[in-house]
Every structure is written in structure tokens, then in C-alpha cells.
Amino acid sequence: MPDIAPYAEATQNLRTAVDESGKSSELSLKLLEATEPAFRDNEEFRRSVDSLRDAWRLRVATLDAVVAYVDALQELVDAGTTGSQAVDKVADHLMTLANAIGVTPASAATSATADGAKFVYGQIASIRASRSLLEALPQSNSVVTRLTQVLREDFRELEGILAVIYEAQRAALTDAHNIELGYRKGLVNARKALYAEPNLTNDQLAHLRSINEQLEGTLDWYLPFQESRARIDANQIAAHQLITATDEGLNQWALAHERLVKAAQEQRDRPPHIERLSSVVVEMKEITKRIKEL
Amino acid sequence: MNHFEKWADELKTLLIQAERAGKSEQLTVRLAAMKALSQFVSDSAPNTPDILELDALASRVRTDLVLQTLDERVAAISARSGELISIQKKFGQLASDAKHRAASINLVQLRKTISTLTDTALVLKELEAALVSDEQEKLGTELTQVVNNIQVLRNRLEELM
């Protein structure tokens with residue numbers, strides 16, 4: 001039986017990454033709406049935000065269906081590997097029935113015969129499960145491939161959306177401080193001009209001191225401004241990293257499914273080369289954790 | 001040329017760039033136009049009312065580029081939603097089929113059948129115990145027959161194992 005468990009874990013993590021990408025994108029849009037008057041109460045903007053949220057919910061719901069499907073494959077594998085236990089459970093039920101109707105079960109089944117029956121059914125269960133996997137996996141392969149293509153296209157669009165949103169956030173922040181930044185820029189330029197002077201006169205030195213004092217006075221708004229700017233940049237970098245990792249994760253996930261199909265066809269126990277998918281999944285989890293902390 | 005005319009001229013150039021960016025599908029072109037408009041708002045000085053009016057116009061055009069890009073890309077994502085609904089249904093079918101096969105291999109239906117027979121047998125025995133003598137006469141034989149049939153079925157199921 002192929003080992004489905006790593007693939008099942010990767011599928012669940014992919015679902016989480018897609019969900020997190022959607023949530024963090026929605027948050028970025030809401031932040032822009034809250035901070036930039038041009039987008040607040042803008043019908044067109046609100047419609048786009050709502051449409052994106054609804055569309056992304058559908059993506060997550062589709063991945064929920066994939067997780068359920070992979071879990072069902074795991075049930076199939078488990079059924080194939082625990083066939084003899086199924087026999088035991090039936091035997092237990094038959095014993096309970098015998099007690100209910102008040103009979104002593106015939107002692108015809110010796111221990112060896114019972115063990116023989118369990119062994120035979122264990123083999124039958126394994127074969128039935130293998131055959132079922134062999135039928136199920138190729139059926140789903142084309143759907144997995146198409147789903148991967150659709151989601152990768154979606155992520156390309158999302159990356160573009162986020163690029164303009166973060167640019168708009170930066171612009172909104174700068175616009176809100178336009179006058180102060182202009183004032184500060186004037187001071188910085190005046191200071192630069194004085195620095196360029198070879199020999200400063202006493203008046204120039206006094207002017208330079210005054211400029212520095214005034215620049216010092218701008219720090220109470222300038223430092224928070226820079227922090228806000230840095231936060232926008234950090235959010236954009238994290239969002240981009242998650243999108244890149246998820247895109248690669250989708251690619252590896254589809255490839256891993258193809259290898260599962262092959263493993264089932266060749267009746268191998270462990271699909272090869274799932275290591276790359278596993279490492280991408282670890283990366284996605286780390287970035288998702290970082291985004292939640294931001 | 002005074003300050004206002006200088007900045008108004010510059011803005012005219014940027015507005016043409018923004019118009020071209022709106023017709024381009026390339027994200028880099030749109031972002032470049034947005035950044036140029038933002039830079040204009042930063043650089044334009046002094047911040048007199050007429051120059052602030054130019055800033056406001058630059059901001060509005062930049063906002064329009066954001067709205068247009070958002071609208072186009074969300075529409076592209078939404079256009080694929082119909083297909084995703086079909087894919088979702090397909091996975092649902094595949095999951096249901098796999099679960100059904102797993103249950104069959106696990107002999108779930110067989111165990112359910114045996115459990116139902118057990119429940120039936122217990123109910124019949126309770127009924128038998130509750131019968132008074134003339135009811136016992138009428139029903140006793142039939143009840144015994146049903147319990148015997150259950151026993152026969154049980155033995156057959158055990159043989160199958």
C-alpha cells in the first residue's frame with residue numbers, strides 16, 4: 001500500500017496556506033479602506049473586496065473537499081492493512097448475537113481455522129484496497145492537475161492585487177504626511193547645503209544648530225511614520241513569500257499525486273521524491289506563522 | 001515659468017503615462033505609473049493651495065489605477081469559480097466512493113446487519129417474557145420460529161467467515 005499520510009498532511013497544510021493567503025489579503029484591503037479616504041465608502045472598491053472574499057472562500061471549500069478525499073483514501077489504505085481486524089470485529093458481533101438468542105456458538109471453529117480465516121481475509125482486504133486505490137487515484141489525477149492550474153493562476157492574480165494594494169498603502173501613508181514630509185525635506189536639503197560649505201561662519205553654524213533642533217522636533221511623527229512604512233514593507237514581503245511558497249507547494253503537490261498514482265500502479269509502499277513537497281510544506285507553515293505574528 | 005506651471009506640465013506627462021498604464025495589462029507598467037504619481041505628490045512644492053490641487057488630481061488618478069487593477073484581477077479570479085464548483089463536486093464523489101469501498105472492505109454493512117439482528121433478538125425475547133398465558137399460546141410458536149431463523153442466519157454468516 002502506498003503511504004498516503006505525508007500526502008494527507010501536505011494537503012491539509014496547503015489548504016491552510018491558501019486560507020491564510022486569502023485572509024491576509026482581505027486584511028490588507030480592509031486596512032487600505034480604513035486608512036485611505038479615497039477607498040472608504042467607495043462602492044467599486046467594496047464590491048471588489050466582497051467578490052474576492054467570496055471567490056477565495058470557494059477556493060478554501062474546494063481544498064476542504066480535497067482534504068476529505070485524501071482522508072477517504074487513507075481510510076481505504078487502513079482498510080487494506082487491517083483486514084484481519086475487520087474479521088475479529090465481525091466475530092465479536094456474532095458472539096453478541098449468539099448471547100442474545102441464548103445459544104452457545106458451535107465449537108467447530110478452532111483457533112487455527114479462525115487464524116486461517118483472518119489471514120485469508122487480510123489478504124483479500126489488501127487486494128481489494130489496492131484495486132480500489134488503483135481505480136480511484138488515476139480518476140482524480142486529472143482533477144488534481146486542473147485544480148493546481150486554476151489555483152496557480154489565482155495566486156498570480158492575487159500577487160498583482162497585493163502589489164497595487166501595498167503600493168496604495170504606502171502612498172496613503174505618505175500623502176497623509178505630505179505637508180510634514182515637505183517641511184522635513186526642506187530642512188534636510190538646507191542642512192545638506194550647509195554641510196557642503198567649506199568653512200561655516202558663526203551665523204551658518206547657528207543656522208545649522210537650529211536646523212538640527214527642528215529636525216529633532218520632527219521625530220515624534222517621523223519615527224512612527226517610518227515604522228508604519230517598514231510594517232507595510234514587511235507585510236508585503238511576507239505575503240509575497242507565502243504566495244511564492246504556496247505556488248511551489250501546489251506544483252509539488254500535483255507532482256506528488258502523480259507519483260502516488262505510479263506507486264499504486266507499481267504496488268510500491270512508499271512514493272518516491274515526496275521530500276521536496278514535505279520541505280515546501282514546512283516553509284509554508286513557517287511563513288504562515290510569521291504572517292499571523294505580524 | 002512659475003512653480004504652478006512647472007508642476008502642472010510635469011503632471012500632464014504623468015497623466016499620459018497613467019492613461020497608457022491603464023490600457024496595459026502589465027503590472028510593472030501600472031506600478032511604475034502609480035509610483036510616479038506618488039513621487040509627484042512628494043516632490044511638488046511649495047504646498048500652496050493650487051499645487052495641492054495638482055496633488056489631489058495625481059492621487060485621484062493613482063486611486064483609479066488601483067481600482068481598475070483590483071477590478072480586473074478579481075474578475076479573472078471569479079471567472080474560474082464555476083469550474084471550481086465542478087471540481088469540488090468531483091472530489092466529493094471520489095471521497096464518497098472511497099469511503100464506501102473502505103466500509104465494504106471493513107465489513108461495516110455485515111456488522112450493522114448482525115447488530116440489527118441482535119437488537120431484534122433482544123426485543124423478541126423481551127416480548128416473549130412479557131406475554132401472558134393466552135398470548136403465549138397464540139404467539140409463542142411464531143416468536144420461537146423467528147428466533148430460530150435468526151440463529152440459522154447467524155450460523156450461515158459465521159460459516160462465511
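Owing to the predicted nature of the structure, the values given are computational and were not obtained by experimental measurement. Quick note on labels: first sequence line is chain A, next is B, and so on, each numbered from 1.
Neither the backbone nor the side chain of Y183(A) comes within contact range of chain B; no heavy atoms are under 4.5 Å apart. Only the side chain of N42(A) comes within less than 4.5 Å of a heavy atom in chain B; its backbone stays farther off. For I165(A), the part lying under 4.5 angstrom from a heavy atom of chain B is the side chain only. Both the backbone and the side chain of K99(B) come within contact range of chain A, judged by heavy atoms closer than 4.5 Å. Interface residue T174(A): only side-chain heavy atoms are found under 4.5 Å from chain B. With a 4.5 angstrom heavy-atom cutoff, D71(B) touches chain A via backbone and side-chain atoms both. Looking at R62(B), the atoms closer than 4.5 Å to chain A (heavy atoms on both sides) all sit in the side chain, from C-beta outward. Heavy-atom distances place both the backbone and the side chain of V144(A) under 4.5 Å from chain B. Only the side chain of L29(A) comes within contact range of chain B, judged by heavy atoms closer than 4.5 Å. When heavy atoms are compared at a cutoff of 4.5 Å, L181(A) does not approach chain B at all. Contacts of L65(B) with chain A are absent, with no heavy-atom separation under 4.5 Å from either backbone or side chain. Of the two parts of K89(B), neither the backbone nor the side chain holds a non-hydrogen atom closer than 4.5 Å to a non-hydrogen atom of chain A.
For the set S104(B), G92(B), S44(B), the entry with the most heavy-atom pairs within less than 4.5 Å of chain A is S104(B). Heavy-atom pairs under 4.5 Å with chain A were tallied for A98(B), S81(B), S38(B), A121(B); the largest tally goes to S81(B). Annotation: maximal heavy-atom pairing with chain B below 4.5 Å, among L158(A), I161(A), V49(A), occurs at I161(A). In terms of non-hydrogen atom pairs under 4.5 Å with chain B, the most contact-rich of L52(A), D154(A), D64(A), L76(A) is D154(A). Comparing E153(A), R156(A), H177(A), E36(A) by how many heavy-atom pairs each has under 4.5 Å with chain B, the most go to E153(A). In terms of non-hydrogen atom pairs under 4.5 Å with chain A, the most contact-rich of L67(B), I87(B), L122(B), T120(B) is L67(B). In terms of non-hydrogen atom pairs under 4.5 Å with chain B, the most contact-rich of Q139(A), E44(A), R146(A), E157(A) is E157(A). Each of A163(A), A65(A), A55(A), A171(A) has some count of heavy-atom pairs under 4.5 Å with chain B, and the biggest count is that of A171(A). Counting heavy-atom pairs closer than 4.5 Å to chain A, the top-ranked of the candidates D55(B), L117(B), L94(B) is L94(B). Heavy-atom pairs under 4.5 Å with chain A were tallied for I114(B), I105(B), D43(B), T118(B); the largest tally goes to I105(B). Among R59(A), E135(A), E75(A), R47(A), the residue making the largest number of heavy-atom pairs under 4.5 Å with chain B is R59(A). Heavy-atom pairs under 4.5 Å with chain A were tallied for L31(B), V41(B), I77(B), V147(B); the largest tally goes to I77(B).
A heavy-atom distance below 4.5 Å is found between the side chains of L137(A) and L73(A). Here the side chains of E83(B) and Q149(A) are not in contact, with every heavy-atom distance at 4.5 Å or above. Side chains of E53(B) and L57(B) form no contact here, defined as non-hydrogen atoms less than 4.5 Å apart. At least one side-chain heavy atom of L162(A) sits under 4.5 Å from a side-chain heavy atom of I243(A).
Nearest heavy-atom pair, A18(B) versus V61(B), reported as atom, atom and distance to 0.1 Å: CB-CG1, 3.6 Å.
For D64(B) and Q68(B), the side-chain atoms include no donor-acceptor pair closer than 3.5 Å. In this model, no donor atom of one side chain and acceptor atom of the other lie less than 3.5 Å apart for R154(B) and Q151(B).
Rounding to the nearest 0.5 Å gives a distance of 7.0 Å between CG of D233(A) and CD of Q236(A).
Judged purely by atom type and a 3.5 angstrom limit, E33(A) has no side-chain atom pairing as donor or acceptor with the backbone of R46(A).
Within a 6.0 Å radius of CD in E19(B), other residues, nucleotides and ligands contribute 12 heavy atoms or fewer. For CZ of R40(A), the number of neighbouring non-hydrogen atoms (other residues, nucleotides, ligands) closer than 6.0 Å is greater than 12.
Between E26(A) and K30(A) there is a salt bridge, with a side-chain nitrogen of the basic residue lying less than 4.0 Å from a carboxylate oxygen of the acidic one.
Using bins of under 30°, 30° to 60° and over 60° for the plane-to-plane angle, the ring pair W7(B)/F40(B) lands in the perpendicular bin. Ring pair Y69(A)/F91(B) is tilted by interplanar angle, where 30° to 60° counts as tilted.
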